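These figures come from a predicted structure and were not determined experimentally. Side chains included, hydrogens not; waters and symmetry mates left out as well; all remaining heavy atoms used.
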Amino acid sequence: MQRIYNYGSFLQAYGLKQILSELGCSVEFVDYHAGKCLIPPDGGTGISRKISKVTEVFRYDAPLKEKIRFIKYKKNYAGNYYPYLKINENMNYSPELDILVIGSDEVFNCVQNNTNVGFSPELFGADNNAKKVISYAGSFGNTTLEKLEKYKVSEKVSGWLKKFSAVSVRDANSGQIVEKLTGKKPVYNLDPVLAYDYIGKCRHIPESVPESDYIILYGYSGRFTKEECHFIRKYADRKNLKVFCIGGVQNCCDKFIDCSPFEVIAYFQHANAIITDTFHGTILSVITHRPFVSLVRKSGYGNSEKLGDLLERLHLGNRKIDNMKMLEKMLEKDFSFSETDEIIAQERKHTYEYLKAQIKSVRN
């Protein structure tokens, strides 16, 4: 997922690369060929999809200059941030490797309408040139076993997964699918943005940001409805805070923040509060210890499979909301990250143990 124009995708890729490098590996990113979507693609394909995404932004009730700022952010994303991962526009298909690590992120989410992914056998290890194939914290996203069976791909996915030397997933839905299709229980690991100690180890994160008195609204463009944005705006006005949108433009946007993935972490660190409906927006709130709420959606492009699981796994189910009427009450409620920090510390040890064992078996 390293080429997806998304901060979460970047940070999980960078984090996993850093962990593997710490364990003595020479790391390179492997590309996949996007497959045909099993369900009708969102907004067409190729150029038509890009045009659709651009025109969609202008329908949002946000200042024009912020919409233009968002479009420039997308346009310049690859050139600005690929160098941190040491990748460029040249694709790296099926290189010879000791270990191919598939994941993290939604590498197994094969029943979706994103033409950048589609149904790609390579994301399940097909046609590789590696001595060993494993996954790390892979996710099926909102692909379920029922969907795999409905679109008649469960047997193919089962066959590919059975060839893995080790399977690691990050959520219960993914684990249940793997166990059902392979007959084996997978390992559960945290997403790399939690597993890698960004706050303690990453030197790219600035100490400050040129803004103050703001809340972050973190999500894909337009994912927050006008009604949801109405409640967010009322809350921000009552608290005399600006609404900064990161990742996408929303209807209540005061300013769209165009910054590096590492600067995103700094913006989170200095925010008064965070409102998100994304997996990695939740994780960034956690690692920066900021007051936050996570909106769990069951309709549309749902996030309940992965986001609900993440919150429960971190013992933060009390930060979950299903409507914005709960917003002020939840953000004003005191809570502690101490128990969550203990869970993360323990799970980081499990991450290094799992990957170290897989690497050792190849070296021996």
Side-chain angles (χ1 to χ4, degrees), residues 7-8 11 170-172 190-191 193-200 205-209 211-219 223-225 227-247 250 252-255 257 264-298 303-304 306-348:
Y7 289 130
L11 290 169
R170 72 180 189 191
D171 56 82
L190 291 181
D191 183 272
V193 188
L194 285 169
Y196 176 62
D197 184 6
Y198 268 100
I199 304 302
I205 302 170
E207 292 183 1
S208 62
V209 295
E211 309 279 0
S212 61
D213 300 322
Y214 60 89
I215 58 175
I216 289 175
L217 185 53
Y218 188 97
R223 275 279 287 274
F224 290 90
T225 67
E227 182 183 15
E228 290 166 352
C229 286
H230 170 72
F231 282 101
I232 294 167
R233 170 54 62 200
K234 283 179 66 177
Y235 175 78
D237 289 347
R238 276 198 298 273
K239 297 295 182 180
N240 198 27
L241 300 170
K242 298 179 285 290
V243 179
F244 286 176
C245 291
I246 296 183
Q250 313 297 337
C252 56
C253 176
D254 286 318
K255 185 176 182 179
I257 303 298
V264 169
I265 297 175
Y267 269 98
F268 269 71
Q269 285 178 311
H270 294 89
N272 291 61
I274 292 103
I275 303 165
T276 186
D277 68 345
T278 74
F279 188 87
H280 285 109
T282 299
I283 287 177
L284 292 173
S285 304
V286 171
I287 66 173
T288 56
H289 286 188
R290 303 312 300 147
F292 78 98
V293 293
S294 292
L295 179 63
V296 175
R297 302 182 188 277
K298 294 184 179 179
N303 62 9
S304 61
K306 58 179 182 178
L307 188 48
D309 180 272
L310 173 69
L311 290 167
E312 294 303 323
R313 202 170 289 280
L314 296 178
H315 292 191
L316 288 171
N318 61 347
R319 309 317 300 164
K320 176 171 64 176
I321 62 174
D322 56 19
N323 69 80
M324 283 297 168
K325 293 177 182 177
M326 306 164 63
L327 178 63
E328 184 162 2
K329 180 181 177 181
M330 291 293 286
L331 286 179
E332 298 302 310
K333 186 186 296 184
D334 289 334
F335 71 101
S336 169
F337 285 102
S338 58
E339 187 179 6
T340 299
D341 287 343
E342 290 176 9
I343 294 168
I344 292 171
Q346 191 61 37
E347 289 302 322
R348 282 177 177 168

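- Atom CE of M330 sits about 7.0 Å away from atom CD1 of I321, to the nearest 0.5 Å.
- Residue pairs satisfying the salt bridge (Lys or Arg N to Asp or Glu O under 4.0 Å) criterion with at least one member in residues 266-288, sequence neighbours excluded, are listed as follows: R223-D277, D277-R297.
- How far OG1 of T340 is from CD of E347: 12.0 Å, rounded to the nearest 0.5 Å.
- Annotation for K234: atom NZ does not count as buried by contact number, only 12 or fewer foreign heavy atoms lying within 6.0 Å.
- Residues I232 and L327 share a closest heavy-atom pair of CA-CD2, 4.0 Å.
- Sorted by first and then second residue, the side-chain hydrogen bond (donor to acceptor under 3.5 Å, both in side chains) pairs with a member in residues 267-276 read T276-T278; sequence neighbours excluded.
- We find that K242 and E211 are not joined by a salt bridge, their nearest charged nitrogen and carboxylate oxygen being 4.0 Å or further apart.
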Intermediate values then yes/no, side-chain contact (heavy atoms from CB on, under 4.5 Å), D197 and R348:
CA-CA 9 Å; D197 184 6; R348 282 177 177 168; 3.6 Å; yes
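- Of all heavy-atom pairs between D171 and D309, the closest is CA-OD1, 3.3 Å.
- No more than 12 heavy atoms of other residues, nucleotides or ligands lie within 6.0 Å of CG in N240, so this atom counts as exposed by the packing criterion.
- At a threshold of 4.5 Å between non-hydrogen side-chain atoms, the residues E312 and K320 count as touching.
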Would V296 and D322 count as a side-chain contact (heavy atoms from CB on, under 4.5 Å) here? Give the steps.
CA-CA 5 Å; V296 175; D322 56 19; 5.8 Å; no
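- Residues I275 and L295 have side chains not in contact (no heavy-atom distance under 4.5 Å, counting atoms from C-beta outward).
- Nearest approach of I274 to A271, heavy atoms of both residues: CD1-CB, 4.2 Å.
- Taken from CD1 in I287 to CG in D341, the straight-line distance is 11.0 Å, to the nearest 0.5 Å.
- Side-chain N or O atoms of Y198 include one that pairs as donor or acceptor with a backbone N or O of L11 at under 3.5 Å.
- For the pair R170 and D191, the salt-bridge criterion is met [side-chain N within less than 4.0 Å of a carboxylate O].
- The CG atom of L314 sits 13.0 Å away from atom CD of E342, with the distance rounded to the nearest 0.5 Å.
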Run the side-chain contact (heavy atoms from CB on, under 4.5 Å) test on I215 and R290 for me, step by step, so that the C-alpha distance in whole Å, both residues' side-chain angles and the decisive distance to 0.1 Å come before the verdict.
CA-CA 10 Å; I215 58 175; R290 303 312 300 147; over 6 Å; no
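- Here the OH atom belonging to Y235 is positioned 4.5 Å from the CG atom belonging to L331, to the nearest 0.5 angstrom.
- Residues F231 and K325 approach most closely at CZ-CG, 3.5 Å, considering heavy atoms.
- Heavy atoms only, all atoms of each residue included: M324 and F224 are closest at CE-CE2, 3.8 Å.
- Counting all heavy atoms, side chain and backbone alike, V193 lies closest to G8 at CG2-O, 4.4 Å.
- Counting heavy atoms from C-beta outward, T282 and Y218 have side chains that stay 4.5 Å or more apart.
- In this structure the side chain of R319 reaches within 4.5 angstrom of the side chain of F292, judged on heavy atoms.
- Relative ring orientation between Y214 and F244 is described as parallel, the plane-to-plane angle staying below 30° on a 0-90° scale split at 30° and 60°.
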Step by step, work out the side-chain contact (heavy atoms from CB on, under 4.5 Å) result for K239 and E332.
CA-CA 11 Å; K239 297 295 182 180; E332 298 302 310; 3.3 Å; yes
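- For the pair I344 and V286, the minimum side-chain heavy-atom distance is below 4.5 Å.
- Considering CG of L316 and OG of S294, their distance stands at 8.5 Å, rounded to 0.5 Å.
- Salt bridge status for E328 with R238: present, with a side-chain N to carboxylate O gap under 4.0 Å.
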